[in-house]
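Only one structure is covered here, and it is reproduced in the block below.
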Amino acid sequence: MADRVTATEEALSLINTLADTHGPLMFHQSGGCCDGSSPMCYPRDEFRVGDSDLLLGEIGETPFYISKDQYEYWKHTQLIIDAVKGRGGMFSLEGPEGKRFLTRSRVFTGEERAEL
């Protein structure tokens, strides 16, 4: 079965670096105005997940959440979390690392959609 969210080696490496510094992490797929649709990385206990958030899966043993509203737009795609050079979201942990997380996506095949 296809994963709804996955990560590149670059993203997994950055997750490990951040976890070494900050401890357990979590992601929330932002849909806000300030950071667009950036995946935001937080210390696990410092972001409150609400009833309107869904656990999409895990990347690097790190839970990845998305709001139900945003999920409705992206439910037909696999989210692929990458890390690239640049400045991260102002509230996301990767900012000082000179890298940022980036969401890429691909449309699920008909077979994958049937499995999901």
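These values consider heavy atoms only, across backbone and side chains, with no hydrogens, waters or symmetry-generated copies.
Residues satisfying the side-chain contact (heavy atoms from CB on, under 4.5 Å) criterion with Leu56, sequence neighbours excluded, are Arg4, Val5, Phe64, Ile66, Tyr71, Leu79.
Distance alone, capped at 3.5 Å, places no donor-acceptor pair between the Asp20 side chain and the Thr17 backbone. Between the side chain of Thr103 and the backbone N or O of Ile81 there is no donor-acceptor pair closer than 3.5 Å. With hydrogens and angles ignored, the 3.5 Å screen pairs no side-chain donor or acceptor of Ser13 with any backbone N or O of Ala11.
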Verdict with reasoning, Asp82 to Thr8, per side chain to side chain donor-acceptor pair (under 3.5 Å): CA-CA 5 Å; Asp82 199 0; Thr8 65; 2.7 Å; yes
Check against side chain to side chain contact (heavy atoms under 4.5 Å, CB included), Gln29 and Tyr65: CA-CA 6 Å; Gln29 180 63 48; Tyr65 293 88; over 6 Å; no
Side chain to side chain contact (heavy atoms under 4.5 Å, CB included) between Lys99 and Val84, intermediate numbers included: CA-CA 5 Å; Lys99 296 181 180 180; Val84 297; over 6 Å; no
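When the options Gln78, Arg106, Met1 are evaluated for a side-chain contact (heavy atoms from CB on, under 4.5 Å) with Glu112, the one that passes is Arg106.
For the residue pair Arg44 and Leu25, the shortest heavy atom distance occurs at NE-O, 2.8 Å. The nearest pair of heavy atoms linking Phe108 to Arg113 is O-NH1, 2.8 Å. Residues Asp53 and Gly50 come closest through the heavy atom pair OD2-N, 2.9 Å.
Applying the 6.0 Å contact sphere to CD of Glu111 captures no more than 12 heavy atoms from other residues, nucleotides or ligands. Heavy atoms of other residues, nucleotides or ligands lying less than 6.0 angstrom from CD of Glu72 number more than 12.
A distance of 6.5 Å separates CZ in Phe27 from OG1 in Thr62, rounded to the nearest 0.5 Å. Annotation: the span from His76 atom NE2 to Leu116 atom CG amounts to 12.5 Å, rounded to 0.5 Å. Ser38 contributes atom OG, which lies 6.5 Å from atom CZ of Arg100 (distance to the nearest 0.5 angstrom). One distance of note links CG of Leu14 with CD of Glu9; it measures 12.5 Å at 0.5 Å rounding.
Ion pairing between a basic and an acidic side chain is recognised when a charged N comes within 4.0 Å of a carboxylate O; Glu10 and Lys85 show no such pairing.
Taking the six-membered ring for Trp and the full ring otherwise, the centers of Tyr42 and Phe91 sit at least 6.0 Å from each other.
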